[in-house]
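Since the model is a prediction, treat every value here as computed from it, not as a measurement. The figures here come from the full heavy-atom set of this structure, side chains too, leaving out hydrogens, waters and symmetry mates. Letters go in sequence order (proteins before strands), and every chain restarts at 1.
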Amino acid sequence: MSKAHSEIEPELLPGDLAIWLFIFMELLVFGIFFIVYAIMRLKNIEMFNQYQLTLNRELGAANTLLLITSSYFVVRAVHAIRLNNVSNCIHWLYAALAGGTGFLILKSLEYYDKFSAGIRLSTNTFYMFYLSLTLFHFLHVILGMLILFAIVIKACRGAYSDQNYTGVETGASYWHMVDLVWIILFPLVYIIR
Amino acid sequence: MMKYESQGVAKLYFIAAIGLFTGQILFGVVMGLQYVMGDFLFPEIPFNVARMVHTNLLIVWLLFGFMGSAYFLVPEESERELYAPWLAKLMFWIFLVAGALTILGYLLVPYAQLADLTMNDLLPTMGREFLEQPTITKIGIVIVALAFIFNIGMTILTGRKTVINLVLLTGLVGLAVFFLFSFYNPDNIVLDKYFWWFVVHLWVEGVWELIMASLLAFVLIKVTGVDREVIEKWLYIIIAMALISGLVGTGHHFFWIGTPDYWQWLGSIFSALEPIPFFMMTLFAFNVVNKRRRDHPNKAAVLWALGTAVMAFLGAGVWGFLHTLAPVNYYTHGTQVTAAHGHMAFYGAYVMVVLTMISYSMPLMRGQKAGNQKAQVLEMWSFWLMTVSMVFITLFLTGAGILQVYLQRFSEDPLPFMVVQEKVALFYWMREVAGLVFLIGLILYIYSFFAKGDEVVFAED
Amino acid sequence: MNSDELQLKRASKAALFSLLNLTVLPVIGFIILLLIYQKSSSDSIDHYYSVIGIKTNVFAGIALLLVSGLMILLGGFDSPWTWVYVVSYFTFVHALFILFATWVLVRSWTGEKLKKNILSK
């Protein structure tokens, strides 16, 4: 890494500073989305409460578990690469990817259920927020998985070691953000009444 | 001075771009006067024709500028000659002739007759703002674009792949793909407008941003000598933010055209974030120039690059945000506020990035590292004249727009459109004066290419 | 981390919160800026940047809120011309302050003080 860049890199944040800029902006996007959701819920509290009951909480809870577990796996992956154990790191990353895949499958089942019930963005305000928020997050899971997968490929080529693991930390940081957003989103949309 | 001989084809494209740019400004000045003197040049050049020529020339010359920039940038980034220089030259002439014929068509025949002549009824695509081109011209644009992307794509794929040329290629492919929506012309006027924005919005607030970011990054690497690695990271963030905010941000055009009302939410939220990528570009350019490893002799190019970063943020970012939220847009939709934003955003983002590329590459193609002292001074004068007058055009139109919103839409007893237009006439006069200053700046800009003077002394090599 | 680096971190933090106070975190940004100022010792780079940040934001506050307020007060709330001036003025001048704070932020990253025009160098 160039000197120019490392000058501005706070040690407190693991991984590349660039990903943190990106993470902060992503959190800003989700943050605005959540605030708008909260305001609209206050304005239409009965309608929101009524349709919230139609959401599948069991699947949502399972997905929460999947993402948290998967987040734990990337922590193990970072830990492994710090000990210079590349193959272990790759295995943990695969495990994290499996968690992400599980999330996508469960979420797709949920969407299938909702779409076949004729629910669309235009059905009502609650479903508009439910669909757009979760869909936006869904896309982030895919992006996070692509990032993790790119790291797996680089790791297989031997790009990382106990001296150079910024890339792994960078991907892990992003994956934690995807997890964090879901941890806020799930209670906000599925549970809080 | 060029690293690869085939980069020279860019010169043709840039000369045509500047020529058409001049035409655009002349029609802009004519039209600016027609705002206050409605029958100026009537019936030879009615307002609607002047407007069509003004906007179409803008798009065509920016396309020339993008193509020229790509032909200059891609060989250097890919470290090989252009795949087929002859194809680039051939396409240039096809595009130029087709473009000139189309503009002449607008000027010489009534639009309806032009539609008949070009057999629009076989595949009707005409009659929509910015996409007024006869169907046959649109087909021509697609052919030129495909040949261009093939040429650029083959050069990149068989050469060195960098983040800059891959981002550029993605932007150019996106440009071509989204243009295809101009062939889809549903009878339902809501759907018609809906898909019309797929071209217009996804161009200027989507894929063009990728083109802009990569061109700016290229010039900044060249003039500052800052590490490629640093610049690439910035590029990743900028394009990610541009796409995240820009794609769904299309919704800010769907507030009041008959589309479902969830667009008011999606459009407001995502388009409120659209200033971020432009702000990132400002931060990026400032940062890179601040960290520069050398002082490039081409000071004019550095000025243009910084100017692009600042003006794009002002025009696209700030002036876009000004009226993007649905409750605000409820009042400002389609007023002079939109015109203010449109002028500064197009100038600040796309006009200036093309002029940055021209400023950097033209001396190289003419066998110098940078223009001579006098040429650079003149060019920098033209920069300030055009940029400052554009700021004033924007401020005057903003003033006109706010007055218009108040009197015509916000007030307790709203006045009719034409009455309001007379009340804002003073702003239109001031805008016209600013427009004339812009024209003077442009003339100076063109003159700077011919200025003779002392060669710049190089600090290095 | 030695004290120089720490100062540098705080300097760029000060510049960052000056920018944030102008944009997405008004008031909160300023409070954090004051805290950074308090922690800094005079003559250090973080002191320098927190002072610039505070000055910028005080000026911005006067230029934006006070002047706009005066415009509304003197022009009248119900006059369209008031809003013509206030909206154009506020938008443009606010953007200029943001651009200035951005440049300051970029300068703070290198640990140098602000200098004259970059192009005159």
Side-chain angles (χ1 to χ4, degrees), chain B residues 272-273 275-276 279-292 295 299-300 302-303 306-307 309-311 313-315 317-319 321-323 328 332 337 340-341 344 380 391-392 394-408 410-412 415 420 423-424 426-427, chain C residues 8 11-12 15-25 45 49 52 56 60 64 68 71-72 75-121:
Chain B
L273 298 156
I276 293 178
F279 175 74
M280 297 300 298
M281 267 190 254
T282 316
L283 190 59
F284 159 64
F286 280 9
N287 186 29
V288 168
V289 171
N290 187 36
K291 290 209 169 95
R292 67 194 180 283
D295 284 315
K299 286 207 165 66
V302 182
L303 182 63
L306 280 175
V310 169
M311 293 298 287
F313 169 64
L314 282 181
V318 177
W319 254 262
F321 183 76
L322 186 62
H323 59 144
V328 177
T332 61
V337 175
H341 162 58
M344 203 193 234
M380 290 198 253
V391 169
F392 277 103
T394 307
L395 287 174
F396 294 146
L397 288 177
T398 310
I402 297 164
L403 201 55
Q404 182 187 8
V405 166
Y406 200 103
L407 298 175
Q408 196 180 311
F410 190 75
S411 141
E412 298 270 308
L415 299 172
V420 174
K423 290 199 185 288
V424 301
L426 179 64
F427 283 112
Chain C
L8 202 72
S12 57
L16 178 67
F17 278 100
S18 150
L19 178 62
L20 287 178
N21 190 53
L22 282 169
T23 50
V24 289
L25 283 181
I45 190 78
Y49 274 103
I52 288 185
T56 310
L64 294 173
S68 300
M71 281 182 183
I72 296 172
F77 195 82
D78 291 325
S79 157
W81 284 95
T82 305
W83 297 105
V84 167
Y85 287 119
V86 170
V87 175
S88 331
Y89 169 82
F90 189 92
T91 312
F92 189 59
V93 176
H94 191 196
L96 293 185
F97 274 107
I98 294 174
L99 286 170
F100 175 70
T102 308
W103 176 248
V104 174
L105 175 66
V106 161
R107 289 298 291 171
S108 77
W109 284 347
T110 54
E112 290 167 68
K113 297 191 171 181
L114 285 182
K115 258 189 258 167
K116 278 175 287 172
N117 193 334
I118 29 148
L119 292 166
S120 68
K121 200 174 139 179

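Ring geometry for F427(B) versus W81(C): interplanar angle under 30°, hence parallel rather than tilted (30 to 60°).
To the nearest 0.5 Å, atoms CG (L283(B)) and CH2 (W109(C)) are separated by 4.0 Å. Distance check: L314(B) CG to L96(C) CG gives 7.0 Å after rounding to the nearest 0.5 Å. Here N287(B) contributes atom CG and T102(C) contributes atom OG1; the two are 11.5 Å apart, rounded to the nearest 0.5 Å.
Using a 4.5 Å cut-off between heavy atoms, T82(C) makes no contact with chain B at all. When heavy atoms are compared at a cutoff of 4.5 Å, L403(B) approaches chain C by way of both its backbone and its side chain. Contacts of V391(B) with chain C are made by side-chain atoms alone, with heavy-atom separations under 4.5 Å and no backbone atom involved. Heavy atoms closer than 4.5 Å to chain B are found in the side chain of I98(C), but not in its backbone.
Annotation: Y89(C), atom OH; neighbour count of heavy atoms from other residues, nucleotides and ligands within 6.0 Å is above 12.
Using a 4.5 Å heavy-atom threshold, the side chains of F92(C) and T394(B) count as separate. Side-chain atoms of L322(B) and V87(C), non-hydrogen and from C-beta on, do get closer than 4.5 Å to each other.
Under the rule for a side chain to side chain donor-acceptor pair (under 3.5 Å), the partners of T398(B) that lie at least two apart in sequence or sit in another chain are W319(B).
The candidate from F313(B), F321(B), F286(B) with the greatest count of non-hydrogen atom pairs under 4.5 Å with chain C is F286(B).
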